[in-house]
Amino acid sequence: MTAKKPAAPPIKKIAPAEPSYNPFATTQQQFDRIAGMLGLDGPTRDLLRNPLREYHFSIPVRMDKGGIRVFRGFRVQHNDARGPCKGGIRFHPMETVDTIRALAMLMTWKCSVVDIPLGGAKGGIVCNPHQLSAGEIERLCRGWVRQIVRDIGPNLDVPAPDVMTNPQNMLWMLDEYEMIAGGRYPGFITGKPVSVGGSLGRTQATGYMVVLMVREALKELNLKPENTTASIQGFGNVARYAVELYHKIGGKVISVSSWDPADDKTFCCRKKSGIRFDELKSISDPFGTINRSKAQDLGYEILPGEAWLEQEADILIPAAVENQLTVDTVPKIHNRVKLVAEGANGPTTPEGDKLLEKRRIFMIPDILCNAGGVTCSYFEQVQGNLNYYWEEKEVFDKLDSKMTNAFHAVVDVARKQGLPTRDAAYVLAVNRVARACKDRGWC
Ligand code: NAD
């Protein structure tokens, strides 16, 4: 009997096109500024402003209709002085190596700011998974592993899901690696299904930890969560769990926004008396698109997409896409807003950041705020390597302690050195990696 291949679960819809600027150049400029503040010497700067290693390869895949199609694949390892590299694999038709380089570098800083013993990497394949069958995606996943197998592994570089890749893809990659390596190595990859070595809590980790960062920031601002309101951009993985936990700690979310790929429109669902999480979840698809007309029937006001940042709320949580808080949009932010928690990666432009700083709005920067995801992935890697899996409570308790410690370390640097919290997070992160490189004698 021929074994039936499991059907791949639905994959996220294609994200908006990549920005036209060079994301790697922007990331390097940001690094150069921090390197200047830290007074890093020339060799250390040269080492850290570029990836240590990068791999470009071709992946031949047999297509369902016959014939072979060759896809381009990448893996960029930015730095592994503090431990094995860690970072996702993206499937995107517009993937560029510069995006991957930028994201690999950001992973190095993210792992460092939360003080987990990992470096940064990112990978990708130029492809549109929506135009591929489950079988073709499986062969692509296995092909990616075959091309890079000598240079990744549980002690070298540990991949994870990212844009348009999912737990099933990770399992196919793990299976291919184990076939080649001849053993069971669950620590090879993270973001696996929980039934095959995934960590409990990974799905909720990023959103929940965004809220724990909010909890700590509110203490700094002398505010009680139960006396605060929040407005959130997005209703996907990060935003949903952020809404859920923020409600549990007593806060009230008054609006969430969403994007409908059917007509490419963004919109904001508002209920001043407070949104009901289960109600909105029940009328959303798995990609975080809320059904507008059903929301209206349930008494939500439907406002233009940008309205989420104009709300009279204490907290803004951008948890959707990049470049949302800009020189044009920050002036529209309500005077009541005291805190921005960056659930998304790169939601604030450098100019937007300056304006927020001027308004003395407390900023929890992305490399800290959404690092609960990679921290939980690290826990998955540890559990896999030990082949011993923790209860969910143990995962959340450990996440809370790691993230809370990181928050206070950043605030401490900000206070002592008179820096904005974003700069403080980078100073802390870059300094730790530079120290590790120096101690190893690399520079
Ligand atoms: P997702 O695809 O699950 O959800 C994205 C949400 O944003 C959806 O509700 C979508 O409708 C909405 N959206 C998209 N474009 C929008 C727009 N222009 N305006 C308003 N809403 C819009 O994605 P996610 O996993 O929740 O990730 C969100 C952000 O968080 C991304 O920047 C991602 O890189 C970052 N992040 C995610 C994780 C994680 O563990 N999922 C970890 C770290 C960082």
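Ligands are counted one by one from 1 in listed order, and the atoms in each one are counted from 1 as well. For the numbers below, each heavy atom of this structure counts, side chains included, while hydrogens, waters and symmetry mates do not. Given the structure is predicted, the values throughout are model-derived calculations rather than measurements.
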Practice problem: Give every residue pair that meets the salt bridge (Lys or Arg N to Asp or Glu O under 4.0 Å) criterion with at least one member in residues 229-257, sequence neighbours excluded. | Solution: none
Self-check item: Polar contact flag for V238 and ligand 1 (N/O pairs, less than 3.5 Å)
Solution: yes
Quiz item: Between N237 and ligand 1, which part of the residue brings a heavy atom under 4.0 Å of the ligand: side chain, backbone, both or neither?
Solution: both
Self-check item: Aromatic plane relationship, F277 with F235 - under 30° parallel, 30 to 60° tilted, over 60° perpendicular
Solution: perpendicular
Self-check item: V321, any N or O under 3.5 Å of ligand 1 N or O
Solution: no
Quiz item: Do any nitrogen or oxygen atoms of W259 lie less than 3.5 angstrom from nitrogen or oxygen atoms of ligand 1?
Solution: yes
Quiz item: Heavy-atom contact under 4.0 Å between E322 and ligand 1?
Solution: no
Practice problem: Please say whether G236 places an N or O atom under 3.5 Å from an N or O atom belonging to ligand 1. | Solution: yes
Self-check item: N370: numbered ligand 1 atoms lying under 4.0 Å from its heavy atoms
Solution: 43 (C), 44 (C)
Quiz item: Given that the side chain starts at C-beta and the backbone is N, CA, C, O, which of these parts of F287 lies under 4.0 Å from ligand 1, counting heavy atoms, or is it both or neither?
Solution: backbone
Quiz prompt | Backbone or side-chain N or O of T289 under 3.5 Å from ligand 1 N or O | solution = no
Quiz item: Do any nitrogen or oxygen atoms of T266 come within less than 3.5 Å of a nitrogen or oxygen of ligand 1?
Solution: no
Exercise. Could you tell me which atoms of ligand 1, counted from 1 in the order shown, lie closer than 4.0 angstrom to a heavy atom of R202?
Key: 40 (O)
Quiz item: Can you tell which part of N345 has a heavy atom less than 4.0 Å from ligand 1: side chain, backbone, both or neither?
Solution: both
Self-check item: Qualifying side-chain hydrogen bond (donor to acceptor under 3.5 Å, both in side chains) pairs, either residue in residues 112-121, two or more places apart
Solution: R82-D115
Quiz item: With only distance considered, is Q324 within less than 3.5 Å of ligand 1 through an N or O on each side?
Solution: no
Self-check item: Region of A319 engaging ligand 1 - heavy atom pairs below 4.0 Å
Solution: backbone
Quiz item: For ligand 1, which atoms, with element, lie under 4.0 Å from some heavy atom of A320?
Solution: 7 (O), 12 (C), 13 (N), 21 (N), 22 (C), 28 (C), 29 (C), 31 (C), 32 (O)
Practice problem: Just let me know how E306 lines up against ligand 1, side chain, backbone, both or neither, with a heavy-atom cut-off below 4.0 Å. | Solution: neither
